[in-house]
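These notes concern the structure reproduced below.
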Number of protein chains: 2
Amino acid sequence: MSKGQQTKTAILDEAVRLASRVGFNALTIGQLAEATEMSKSGLFAHFKSKEALQLATLDRGREWFTGVVIRPTLASPRGIARVRTLFDRWLVWETETLPGGCIFVTGSIEYDDQPGPMRDALVRNQRDWAEFIESVASAAVNEGDFRADLDLQQFAFSLQGLIYAYHHGTRLLRDPKSLEHTHRGLELLIDSAKA
Amino acid sequence: MSKGQQTKTAILDEAVRLASRVGFNALTIGQLAEATEMSKSGLFAHFKSKEALQLATLDRGREWFTGVVIRPTLASPRGIARVRTLFDRWLVWETETLPGGCIFVTGSIEYDDQPGPMRDALVRNQRDWAEFIESVASAAVNEGDFRADLDLQQFAFSLQGLIYAYHHGTRLLRDPKSLEHTHRGLELLIDSAKA
DNA sequence: CCATTTTCAGCACGACCGTTCTATGACGTC
DNA sequence: GACGTCATAGAACGGTCGTGCTGAAAATGG
């Protein structure tokens with residue numbers, strides 16, 4: 001990897017951390033330059049615009065997410081076990097990987113009413129994520145763990161709700177019972193999907 | 001009501017609408033002045049700081065919320081009916097009242113990692129909201145509609161998840177099935193709480 | 001109807017924003 | 001070892017941010 005790519009990746013890693021705390025718009029080039037101990041113009045040269053930086057940050061976040069959540073999930077045995085792994089890995093992603101929690105939660109709310117490339121990228125991301133959840137649930141159906149007439153989209157929708165509720169409970173309210181509530185919510189969801 | 005209070009309220013009404021679309025930080029004094037056809041300094045004189053403006057906007061939003069959600073809910077007969085009314089009124093609040101959806105959803109994510117008066121106010125707000133949900137569920141327990149050993153906090157947590165999932169589904173993904181998924185999610189939640 | 005307070009616009013400020021231009025040093029290639 | 005590409009810094013730009021100061025117009029109350 002060339003020197004340029006190396007520093008660019010280092011910048012983006014820091015950008016992902018920063019964005020998780022303050023969001024993508026408050027992710028300022030000046031602050032990011034300070035955090036990476038670079039000059040504003042030196043950093044800026046790697047991206048030709050702020051929007052490109054934001055998009056690259058989102059993409060770098062996606063790479064992290066793949067490593068922390070997607071791959072471990074796929075390495076888990078199909079069926080209910082994999083559903084549980086998916087959720088457990090997401091909890092790791094939310095609580096241990098980034099200082100400010102899931103950047104997709106943050107970004108989704110930030111751009112849900114603001115048209116543009118960032119919104120488009122987030123929509124693609126979240127659609128992929130929903131489809132991934134559905135595919136994991138679908139495998140559980142094929143394994144006979146979940147009932148055959150399970151509405152996969154409904155399942156993904158409810159699981160996404162749990163994700164948001166956990167973010168809300170831990171990040172904003174700092175409610176120590178959030179984890180317990182989330183797990184009970186997942187069990188209720190799984191029970192309702194069982195064969 | 002004095003002239004000052006009158007324009008102040010008009011400013012805040014516009015601020016609530018603006019904040020629902022772009023958030024509380026992107027709620028700029030310049031843009032708000034333009035939207036209300038006032039000068040920046042003239043508008044600013046009503047609030048002594050931007051933070052005071054943000055807090056006042058949040059409070060004005062709370063007033064709207066009380067009128068759209070809280071009061072109609074309390075006017076509904078105790079029990080499951082009131083639980084359904086609570087949710088239906090929230091859907092009205094989310095989809096019809098403001099152009100960018102619930103400002104508490106937006107604000108909660110925006111400030112969940114940023115200490116200060118805004119965060120404190122949002123936490124208070126959301127705790128009150130959670131307690132309100134619990135009180136409505138508690139009434140349903142007393143009416144005999146919900147089982148006596150229902151975990152009220154767990155119920156409020158799950159319902160809050162549905163709220164976020166609906167916001168996510170309609171605002172970001174623009175998924176036309178969101179409403180249906182939300183209703184099915186509510187029914188599942190209600191069924192699991194029944195006596 | 002006048003005196004006083006309130007309401008608001010105009011202007012200016014320093015800070016920071018994203019962005020551009022220019023210069024300089026490091027690097028890979030022959 | 002010279003050369004050209006690449007990586008970065010420095011300075012400066014126009015713009016917008018939040019925030020004060022000043023004065024005029026408007027509302028208020030006796």
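Numbers restart at 1 for each chain; the letters A, B, ... are given by sequence-line order, proteins then strands.
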Please determine whether a side-chain nitrogen of the Lys or Arg among A/Glu14 and A/Arg17 lies less than 4.0 Å from a carboxylate oxygen of the Asp or Glu.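 Salt bridge present between A/Glu14 and A/Arg17.
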
How many whole angstroms separate atom [atom1] of [X] from atom [atom2] of [N]?
X       : N      : atom1 : atom2 : value
A/Phe47 : D/dT8  : CZ    : C1'   : 13 Å
A/Gln31 : D/dC17 : CD    : C1'   : 14 Å
B/Ile11 : C/dC8  : CD1   : P     : 7 Å
A/Glu34 : D/dA9  : CD    : P     : 13 Å
A/Leu43 : C/dT19 : CG    : C1'   : 13 Å

Donor-acceptor pairs under 3.5 Å, side chain of residues 85-92 of chain A to any protein atom, not counting sequence neighbours: which ones?
unit_1: A/Thr85; atom_1: OG1; unit_2: A/Ser76; atom_2: OG; d: 2.9
unit_1: A/Thr85; atom_1: OG1; unit_2: A/Ala81; atom_2: O; d: 2.9
unit_1: A/Arg89; atom_1: NE; unit_2: A/Val68; atom_2: O; d: 2.9
unit_1: A/Arg89; atom_1: NH2; unit_2: A/Val68; atom_2: O; d: 3.2

Contact nearer the 5' end of DNA chain D, comparing A/Lys8 with B/Gly30: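 Closer to the 5' end of DNA chain D: A/Lys8.
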
Check the interface with nucleotides 19-29 of chain D: list each N/O to N/O pair with the protein under 3.5 Å, or write none.
unit_1: D/dT19; atom_1: OP2; unit_2: B/Lys50; atom_2: N; d: 2.5

Using atom types as modelled, flag every donor-acceptor pair under 3.5 Å from a side chain in residues 121-133 of chain B to any protein atom, sequence neighbours excluded.
unit_1: B/Gln126; atom_1: OE1; unit_2: A/His168; atom_2: NE2; d: 3.4
unit_1: B/Arg127; atom_1: NH1; unit_2: A/Leu173; atom_2: O; d: 3.4
unit_1: B/Trp129; atom_1: NE1; unit_2: B/Gln160; atom_2: OE1; d: 3.0

Taking only side-chain nitrogens and oxygens of B/Thr28, does any of them come within less than 4.0 Å of OP1 or OP2 of D/dC17?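 Checking D/dC17 against B/Thr28, a side-chain N or O does come within under 4.0 Å of OP1 or OP2.
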
Any B/His46 side-chain N or O less than 4.0 Å from OP1/OP2 of C/dC8: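 So the side-chain polar atoms of B/His46 do come within 4.0 Å of the phosphate oxygens OP1 or OP2 of C/dC8, strictly under.
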
Spatial distance of atom CD (B/Glu134) from atom CG (B/Asp151) [nearest 0.5 Å]: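 It is 8.5 Å, given to the nearest 0.5 Å.
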
Inter-residue atom distance A/Ser20.OG - A/Arg171.CZ, 0.5 Å rounding: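 One finds 7.0 Å between OG of A/Ser20 and CZ of A/Arg171.
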
Sequence neighbours left out, what passes ring pair (Phe, Tyr, Trp, His ring centres under 6.0 Å) with B/Tyr111? Give chain and number order.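 Per chain and number, B/Tyr111 pairs via ring pair (Phe, Tyr, Trp, His ring centres under 6.0 Å) with no residue.
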
Looking at residues at least two apart in the chain, or sitting in another chain, which of them share a side chain to side chain contact (heavy atoms under 4.5 Å, CB included) with [X]?
X        : result
A/Ala165 : B/Phe157
A/Arg71  : A/Thr66
B/Thr57  : B/Leu12, B/Ala15, B/Val16, B/Ala19, B/Phe24, B/Leu27, B/Leu53

Counterpart residues, salt bridge (charged side-chain N to carboxylate O under 4.0 Å, His left out), relative to A/Glu63 (two or more places apart):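 Salt bridge (charged side-chain N to carboxylate O under 4.0 Å, His left out) check on A/Glu63 returns A/Arg60.
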
Side-chain donor/acceptor pairs under 3.5 Å, residues 28-46 of chain A, sequence neighbours excluded:
unit_1: A/Thr36; atom_1: OG1; unit_2: A/Leu32; atom_2: O; d: 2.8
unit_1: A/Thr36; atom_1: OG1; unit_2: A/Ala33; atom_2: O; d: 3.3
unit_1: A/Ser39; atom_1: OG; unit_2: A/Gly42; atom_2: N; d: 2.9

Quick check on contacts: within residues 14-27 of chain A, what sits under 4.0 Å from DNA chain D by heavy-atom distance?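 Heavy-atom contacts with DNA chain D come from no residue of residues 14-27 of chain A; none.
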
Under 3.5 Å, which protein N or O atoms sit close to an N or O of nucleotides 25-30 of chain C? Give each pair with its distance.
none

Would you jot down, in residue-number order, the residues of residues 106-122 of chain A having a non-hydrogen atom under 4.0 Å from DNA chain C?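 Heavy-atom cutoff 4.0 Å gives no residues at all.
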
Are more than 12 heavy atoms, taken from residues, nucleotides or ligands other than A/Lys50, located less than 6.0 Å from that residue's NZ atom?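 Count over threshold, so yes.
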
Side-chain heavy-atom pair B/Gln154, A/His181 within 4.5 angstrom cut-off: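 Yes. Closest side-chain heavy atoms under 4.5 Å.
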
